[in-house]
Amino acid sequence: MSINIRINEILDQKGKTRYWLSKEVGISHQNLTKLARNETESIKFHLLEGICKALECTPNELLGWED
């Protein structure tokens with residue numbers, strides 16, 4: 001099992017883009033794309049908090065399990 005970040009799913013539900021989210025959170029579009037594609041090993045808490053605030057979601061909604 002592994003943890004995955006459900007950024008794309010939540011963005012689709014909210015009708016927002018990764019570009020919009022990168023500007024809201026203050027992260028480069030390239031780094032946000034890596035997160036959205038689950039191509040990263042870690043995420044800093046302040047970044048997780050910023051993404052959750054911008055998307056109006058909880059960490060439980062943002063993070064999921066993949067078998």
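Along the sequence shown, residues are numbered consecutively beginning with 1. Here the structure is a predicted model, which means the values were calculated and not measured.
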Colleague: Please list, chain by chain and in numerical order, all residues satisfying side chain to side chain contact (heavy atoms under 4.5 Å, CB included) with E9, sequence neighbours excluded.
Modeller: R6
Colleague: Is I43 close to I51 at the side-chain level, that is, under 4.5 Å between some pair of heavy atoms?
Modeller: yes
Colleague: Could you list the residues that satisfy side chain to side chain contact (heavy atoms under 4.5 Å, CB included) with A36, not counting sequence neighbours?
Modeller: I7, N8, R18
Colleague: Measuring from atom OG of S2 to atom CG of N38, what distance do you get when rounded to the nearest 0.5 angstrom?
Modeller: 7.5 Å
Colleague: Is atom CD of E39 surrounded by more than 12 heavy atoms (other residues, nucleotides or ligands) closer than 6.0 Å?
Modeller: yes
Colleague: When rounded to the nearest 0.5 angstrom, what is the spacing between CD1 in I5 and OG1 in T40?
Modeller: 6.5 Å
Colleague: Return the set of residues passing salt bridge (Lys or Arg N to Asp or Glu O under 4.0 Å) with E49 (not counting sequence neighbours), or none when no residue passes.
Modeller: K53
Colleague: To the closest 0.5 Å, what do you measure between CG (L48) and OG (S42)?
Modeller: 11.5 Å
Colleague: Quick one: side chain to side chain donor-acceptor pair (under 3.5 Å) partners of E66, sequence neighbours excluded?
Modeller: N4
Colleague: Would a 4.5 Å heavy-atom cut-off, applied to side chains only, mark L47 and L35 as touching?
Modeller: yes
Colleague: What closest approach, in Å, do C52 and P59 show between heavy atoms, and which atom pair accounts for it?
Modeller: SG-N, 3.6 Å
Colleague: L11 vs T17, test: side chain to side chain contact (heavy atoms under 4.5 Å, CB included). Steps then yes/no.
Modeller: CA-CA 6 Å; L11 284 171; T17 65; over 6 Å; no
Colleague: What residues, two or more places apart in sequence or in another chain, satisfy salt bridge (Lys or Arg N to Asp or Glu O under 4.0 Å) together with E61?
Modeller: none
Colleague: According to side chain to side chain contact (heavy atoms under 4.5 Å, CB included), who are the partners of K23, at least two apart in sequence or on a separate chain?
Modeller: Y19
Colleague: Is it true that atom NZ of K14 has more than 12 heavy atoms of other residues, nucleotides or ligands lying nearer than 6.0 Å?
Modeller: yes
Colleague: Kindly compute the distance separating SG (C57) from CG (L62), expressed to the nearest 0.5 Å.
Modeller: 5.0 Å
Colleague: For the pair H29 and T33, evaluate side chain to side chain contact (heavy atoms under 4.5 Å, CB included) and give the outcome as yes or no after the intermediate values.
Modeller: CA-CA 6 Å; H29 188 265; T33 298; 3.5 Å; yes
